[in-house]
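First up is the structure itself, then whatever we jot down about it.
Every heavy atom of this structure was used, including side-chain atoms; hydrogens, water molecules and symmetry mates were not.
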There are 2 protein chains.
Amino acid sequence: MVALMPSSRPPHASHSTPTPSRTGRPRSVEAHAAILEATRAALVELGWSKLTMSDVASRARVAKTTLYRRWANKSELVVDAVAVLFDELRLPDRGSLTADIQGVVLQFAALLDRPEAKTALMAVVAESTRDEALRERIRSAIVDRQKRLVLLGRERAQARGELPYEEDPEQAARNADLIFDVIAGAVVHRALVSAEPVDGDWAHTFSLLLVNGLTAGPAPTLHTPERT
Amino acid sequence: MVALMPSSRPPHASHSTPTPSRTGRPRSVEAHAAILEATRAALVELGWSKLTMSDVASRARVAKTTLYRRWANKSELVVDAVAVLFDELRLPDRGSLTADIQGVVLQFAALLDRPEAKTALMAVVAESTRDEALRERIRSAIVDRQKRLVLLGRERAQARGELPYEEDPEQAARNADLIFDVIAGAVVHRALVSAEPVDGDWAHTFSLLLVNGLTAGPAPTLHTPERT
DNA sequence: CTCTTTCGCTACTGGTCGTAGCGTAACTCG
DNA sequence: CGAGTTACGCTACGACCAGTAGCGAAAGAG
């Protein structure tokens with residue numbers, strides 16, 4: 001995890017620095033948890049744009065100043081509040097790569113159906129286009145953590161003989177990133193932009209498409225063609 | 001187009017209703033264009049979160065009240081301001097489906113690299129999770145309009161014999177939607193969430209993956225498997 | 001017991017949203 | 001040309017929010 005042990009240090013830390021300062025009154029762990037919980041509750045009721053720091057503070061029975069001592073702004077707080085939801089994602093072992101992908105797609109869709117995740121995710125990504133620190137926080141707290149699902153899925157598929165083992169580690173990493181962007185991107189776009197349901201049917205068709213693409217061509221290697 | 005002829009009517013219209021009211025002073029077309037232009041400029045300089053209606057008004061040399069007479073809020077204004085950018089997308093005819101997809105992916109990536117598109121797109125989608133009217137406006141002004149690219153690409157591929165003709169029109173529509181979500185979703189995720197460059201190499205590998213997926217299995221038909 | 005840091009509280013500045021009310025400008029119709 | 005209708009620019013306003021400052025008190029560490 002990233003932000004469960006409130007590890008003080010400079011103004012706004014909340015991740016990294018496992019054993020930082022030692023003296024003085026420690027930050028309250030209960031308050032930390034209460035704030036994140038209150039943030040999620042406020043997201044459900046109010047959504048991103050109408051969520052206010054004062055409201056979160058009063059819900060968490062905490063002074064508004066305490067919020068600003070721990071998070072620089074609304075975006076960073078919301079990232080931490082929502083990040084933990086994504087850690088609930090699991091890769092089911094259903095016997096085939098297609099079925100595994102379908103399973104995780106449905107889980108991801110269920111997560112995106114929760115109002116607090118729905119409204120927060122896109123908003124913080126939007127903010128991150130103009131905030132390097134926020135982008136890094138999203139990456140470390142959410143995105144990079146969930147790549148585990150792709151890596152695990154590939155391992156299983158390789159063990160089953162559904163996917164070839166890749167020799168070049170750089171190539172393997174690029175492919176994992178590609179698969180991650182395709183899966184996460186497609187589901188998010190379907191659920192939030194197209195606003196159409198991600199049901200078992202869609203998830204199955206999509207999984208089939210992806211697995212076909214992965215296994216048909218002999219592992220698409222890089223060509224570096226001319227641009228536009 | 002949707003919002004070029006400022007077609008008055010009730011408080012906030014700006015799309016639909018081609019020839020509505022007839023009497024009274026007509027809305028200024030110059031003001032309309034100036035406002036959208038000013039909105040884009042403000043997005044470039046300030047980004048979504050720091051963009052204010054007052055600022056847009058003064059840039060467009062227009063009273064703030066005029067903005068509110070035409071758009072209900074910031075989100076709707078920004079959707080109209082940004083929508084026109086997406087109409088510049090073209091499907092190049094490069095001789096093969098893979099190359100065509102790669103070309104449009106690179107164009108889309110270039111569009112998402114523009115600060116005004118980058119910061120606005122995710123923000124309005126985030127808002128739309130709690131605003132049905134806004135969601136509909138995004139759909140009609142941006143999303144549905146760009147599905148033309150998928151339909152055209154499929155037509156060309158079918159003419160070349162790269163893709164089979166689909167008999168069931170419902171099935172064909174579902175597949176087009178799927179492809180649209182996969183392409184747009186993957187590119188957006190790569191560019192804005194993973195924040196990694198969408199270069200010719202990535203676009204080519206992705207296109208290969210997608211085309212393989214489309215042509216390998218005999219047109220993935222729906223199975224409707226059990227959920228989760 | 002002292003030092004250090006966090007805490008809750010109050011108060012404040014600077015800024016935004018969105019609206020109301022007014023007199024004026026522009027256009028249509030008869 | 002005149003009457004009716006609608007948009008416009010302007011000013012002012014109320015409500016609300018972000019983020020900060022300064023205080024005394026509390027909670028641990030050594």
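E116(A) pairs with exactly one of V78(A), T39(A), V44(A) by the side chain to side chain contact (heavy atoms under 4.5 Å, CB included) rule, that one being V44(A).
Both T66(B) and T52(A) lie near DNA chain D, and the one whose nearest nucleotide falls closer to the 5' end is T66(B). Positionally, the nearest nucleotide of DNA chain C for A31(A) lies more toward the 5' end than for the other of A31(A) and G24(B). Map K50(A) and R61(B) each onto its nearest nucleotide of DNA chain D; the residue landing nearer the 5' end is R61(B). In this structure, P26(B) and L51(B) both approach DNA chain C, and ranking their closest nucleotides by distance from the 5' end singles out L51(B).
Whole-Å rounding puts the R25(B) CZ to dG9(D) P distance at 7 Å. Atom CZ in R70(B) sits roughly 12 Å away from atom C1' in dT6(D) (whole-Å rounding). Separating the CH2 atom of W71(A) from the P atom of dT20(D) is a distance of 16 Å, rounded to the nearest angstrom. Between the C1' atom of dG15(C) and the CG atom of L46(B) lies a distance of 14 Å, rounded to the nearest Å. In this structure, L67(B) atom CG and dC8(D) atom C1' are separated by 12 Å, rounded to whole Å. When the P atom of dA25(C) is taken as reference, atom CD of E30(B) falls 18 Å away, rounded to whole Å. In this structure, the CG atom of N73(A) is 14 Å from the C1' atom of dC17(D), given to the nearest Å. Distance, H32(B) NE2 to dC8(D) P: 11 Å, rounded to whole Å.
Rounding to the nearest 0.5 Å gives a distance of 8.0 Å between CG of D199(A) and CG of L106(A). Rounded to the nearest 0.5 Å, atoms CD (E76(B)) and CZ (R137(B)) are 4.5 Å apart.
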If a protein heavy atom is under 4.0 Å from the base, mark B; if only from the sugar-phosphate, S; if neither, -; do that for nucleotides 10-15 of chain D going 5' to 3'. B-----
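Side-chain contact, S194(B) with E196(B): no donor N or O sits under 3.5 Å from an acceptor N or O. Side-chain contact annotation: Q146(A) with D87(A), donor-acceptor N/O pair under 3.5 Å present.
Between F206(A) and A186(A), the closest heavy-atom pair is CE1-CB, 3.7 Å.
A salt bridge links K147(B) with D144(B): the closest approach of a Lys/Arg side-chain nitrogen to an acidic carboxylate oxygen falls below 4.0 angstrom.
When distances run from any side-chain atom of T23(B) to the nucleotides dC17(C), dT28(C), dG28(D), the shortest one goes to dT28(C).
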